[in-house]
Amino acid sequence: NGDFQLIDYSKPERKWMLRSISFSLARVIHPSDPEEVMPTAIYMNATVPGKEEGQILVLGRLNPFALKKSFDITASGRNLIFNQYSGLIPDFPLNFKEGTLQFKAKAVAHENQVDIHHQVKIEKLKFTLKQPDQKKPTTIFGLPSTTIAHFFNHVQSDQKPFEFDFRITGDLEDPKFNIWKE
């Protein structure tokens, strides 16, 4: 149980903190038991300081020592303030100015075949533009970053929350498959 804080002194606005982290592993067995496909249980709970206190919860089972990955993990977050996380995705062409995130994610894998389902709710999201790189145009979902910023700052900002679901599926053995890029 403890706290985690990330501060980038070269960019003072880049701070990230998790408080009151509780983390546990149960039934860690090495070498893995061939009778039990997913012997290890994981639990993590943390609070995120901000205007409203956010919370992150992760529960699941996995076998970190198996050759073929199998796991069943559920994660959720609520009241997460976006502008605290711009530093975690430095390649994203916009900075988060305002907004809160709530999400639920269910990740299931069996013998390296992964299926991750996300439910996302975003409230009052606003952006600022980063300095554009003249060598390459900045796009998000195939649209110019200025269009995305305008949509959230002026069209969507006062509307009801923006909600969407998305799914990522693939083969973890495929070298071209990247969960983060998908």
Side-chain angles (χ1 to χ4, degrees), residues 4-18 44 46 48-58 60 69 71 73-110 112-182:
F4 174 81
Q5 185 172 18
L6 173 66
I7 300 172
D8 184 345
Y9 288 106
S10 65
K11 296 183 179 180
E13 73 281 357
R14 187 184 293 184
K15 294 181 181 180
W16 192 61
M17 182 172 180
L18 293 174
M44 191 211 49
V48 184
K51 293 177 191 173
E52 293 183 42
E53 191 169 77
Q55 184 171 10
I56 298 173
L57 177 65
V58 179
K69 300 298 177 214
F71 53 81
I73 298 173
T74 302
S76 66
R78 65 180 175 88
N79 294 331
L80 302 177
I81 298 172
F82 272 106
N83 64 2
Q84 296 175 332
Y85 305 103
S86 287
L88 298 176
I89 48 174
D91 294 335
F92 192 67
L94 299 170
N95 285 318
F96 297 106
K97 181 179 176 184
E98 292 180 28
T100 57
L101 167 70
Q102 295 185 52
F103 74 90
K104 292 180 183 176
K106 176 74 173 173
V108 178
H110 183 67
N112 284 335
Q113 300 300 311
V114 69
D115 183 3
I116 307 170
H117 181 246
H118 301 81
Q119 294 175 306
V120 180
K121 179 180 177 182
I122 299 171
E123 296 181 275
K124 299 179 182 175
L125 184 60
K126 293 189 179 192
F127 292 105
T128 58
L129 295 172
K130 286 184 178 178
Q131 294 298 327
D133 183 353
Q134 300 301 326
K135 295 179 184 175
K136 61 178 183 174
T138 56
T139 60
I140 303 167
F141 303 121
L143 297 170
S145 57
T146 53
T147 301
I148 298 295
H150 177 75
F151 174 76
F152 282 103
N153 293 349
H154 303 288
V155 177
Q156 182 66 28
S157 67
D158 296 326
Q159 303 297 318
K160 63 182 182 178
F162 187 66
E163 297 182 54
F164 58 96
D165 291 13
F166 67 96
R167 178 171 248 132
I168 298 171
T169 59
D171 183 351
L172 295 172
E173 290 180 325
D174 182 354
K176 294 178 183 178
F177 177 70
N178 181 325
I179 288 178
W180 306 111
K181 288 184 178 181
E182 291 292 321

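As the structure is a prediction and not an experimental result, all values here were calculated from the model. Numbering starts at 1 and runs along the sequence shown.
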Any idea how F92 and F96 line up, ring-wise: parallel (<30°), tilted (30 to 60°), or perpendicular (>60°)?
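Ring orientation of F92 relative to F96: parallel.
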Geometric class of the H154/H150 ring pair [parallel <30°, tilted 30-60°, perpendicular >60°]:
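It falls in the tilted class, 30° to 60°.
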Check whether more than 12 heavy atoms from other residues, nucleotides or ligands sit under 6.0 Å from atom NZ of K104, and answer yes or no.
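No, not enclosed.
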Where [X] and [Y] come nearest, the two heavy atoms and their spacing:
X    : Y    : result
K126 : N153 : CA-OD1, 3.0 Å
I168 : I179 : CD1-O, 3.9 Å
F177 : T169 : CE1-O, 3.4 Å
V58  : A75  : CG2-CB, 4.1 Å
N79  : Q102 : N-CG, 3.8 Å
A149 : L129 : CB-CD2, 4.1 Å

[atom1]-[atom2] distance between [X] and [Y], expressed to the nearest 0.5 angstrom:
X    : Y    : atom1 : atom2 : value
L125 : F151 : CG    : CZ    : 10.0 Å
S145 : I140 : OG    : CD1   : 5.5 Å
E123 : F162 : CD    : CZ    : 13.0 Å
L80  : I122 : CG    : CD1   : 11.0 Å
K106 : D115 : NZ    : CG    : 10.5 Å

Does any N or O in the side chain of D165 come within less than 3.5 Å of the main-chain N or O of Q119, such that one atom is a donor and the other an acceptor?
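Such a contact is absent between D165 side chain and Q119 backbone.
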Those residues that, when tested against D171, pass salt bridge (Lys or Arg N to Asp or Glu O under 4.0 Å) (two or more places apart):
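If we apply the salt bridge (Lys or Arg N to Asp or Glu O under 4.0 Å) test to D171, skipping adjacent residues, there are no hits.
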